[in-house]
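Whatever order the structure lists ligands and atoms in, that order sets their numbers, starting from 1.
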Amino acid sequence: MTQTTSALPPAGSPGARPLVAVEGVQKHFGDLHVLKDVDLSVAAGEVVVVLGPSGSGKSTLCRTINRLETIDEGEIRIDGEPLPTSGPGLARLRSEVGMVFQSFNLFAHKTVLENVTVAPIKVKKVPRKEAEARAMELLERVGVADQARKLPAQLSGGQQQRVAIARSLAMAPKVMLFDEPTSALDPEMINEVIEVMTGLAKDGMTMIVVTHEMGFARRTADRVVFMDAGRILEVAPPEDFFAHPRTERAQDFLAKIL
Ligand code: ADP
Ligand code: MG
């Protein structure tokens, strides 16, 4: 991109500034070709839901975007900058790209508040008082401020996942990746996490979300990406994708889950 514009076109429109640009990405694990010429451009403020059968490469795609995995070919840019390979650039990237996993991955021996403040204090050198005040705001936003002094194990799964979201937000990321954030939760806890994600989307967060929650995909996604066997087979607004999946693979997938 050589132009710069101050007024951004609407998210998802062709001229919108891509915050995440994935171009021609190839990824192998040994002989296994897991990402096959993957292209994906996500505009600032856009919510993209990634669907596809188990093993299709959804997690690997997320992990390449925050450089938890390297790529063999192609390029990934965050806000115009190619992914760094190591050093301070990599630490900065990790703060720009938040990630929430299926398993909440909280620090078990730190309190909820410490979980949210540790990275801002250590990585961004934010003064403790300021980091704590900001953490309390974020815990309030995800509805668990009253749990701040507890250890993760004292919380429900839904509460722990909301803390994990707050912990990511504490680094003020430009984009948030969610990899099946509700898949490990008991059914009654799924909605509280989906509500937090819906709120984030409404507030304009750029999000890439791997999920089996089709209600979230229908209501909140700007676009649905359907992957199968390492390839992106379809990209469409949710109303089109769910009403008229074009490929047989997507039709089969939807027939199994709906
Ligand atoms: P999904 O998230 O869509 O279920 P994944 O991205 O986890 O798919 O996996 C894609 C393929 O890559 C699968 O065949 C999986 O077994 C394989 N895979 C994922 N991670 C690794 C790894 N670290 N080493 C070897 N194979 C892997
Ligand atoms: Mg996965």
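Distance check, rounded to the nearest 0.5 Å: CZ of Phe226 to CZ of Arg246 gives 11.0 Å.
Counting only protein N, O or S atoms, 1 lie closer than 2.8 Å to the Mg ion (ligand 2).
Note on residues 185-201: pairs passing side-chain hydrogen bond (donor to acceptor under 3.5 Å, both in side chains), not counting sequence neighbours, are Arg162-Glu192.
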- Query: Is there a salt bridge (charged side-chain N to carboxylate O under 4.0 Å, His left out) between Glu130 and Lys125 once you walk through the steps?
  - Reply: CA-CA 10 Å; Glu130 198 181 316; Lys125 313 294 179 203; over 6 Å; no
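Classification of Glu132 and Arg134 as a salt-bridged pair fails, no side-chain N sitting under 4.0 Å from a carboxylate O.
With sequence neighbours excluded, no residue satisfies side chain to side chain donor-acceptor pair (under 3.5 Å) with Asp240.
Side chains of Ser59 and Asp179: a donor on one and an acceptor on the other come within 3.5 Å. A donor and an acceptor atom, one from each side chain of Glu46 and Thr206, are nowhere located under 3.5 Å apart.
Under the 6.0 Å distance and 45° angle rule, Lys27 counts as a cation-pi partner of Phe29.
Taking a heavy-atom cut-off of under 4.0 Å, ligand 1 is surrounded by Phe29, Leu32, Val34, Pro53, Ser54, Gly55, Ser56, Gly57, Lys58, Ser59, Thr60.
Across all their heavy atoms, Ala135 and Val116 have their closest contact at CB-CG1, 3.5 Å.
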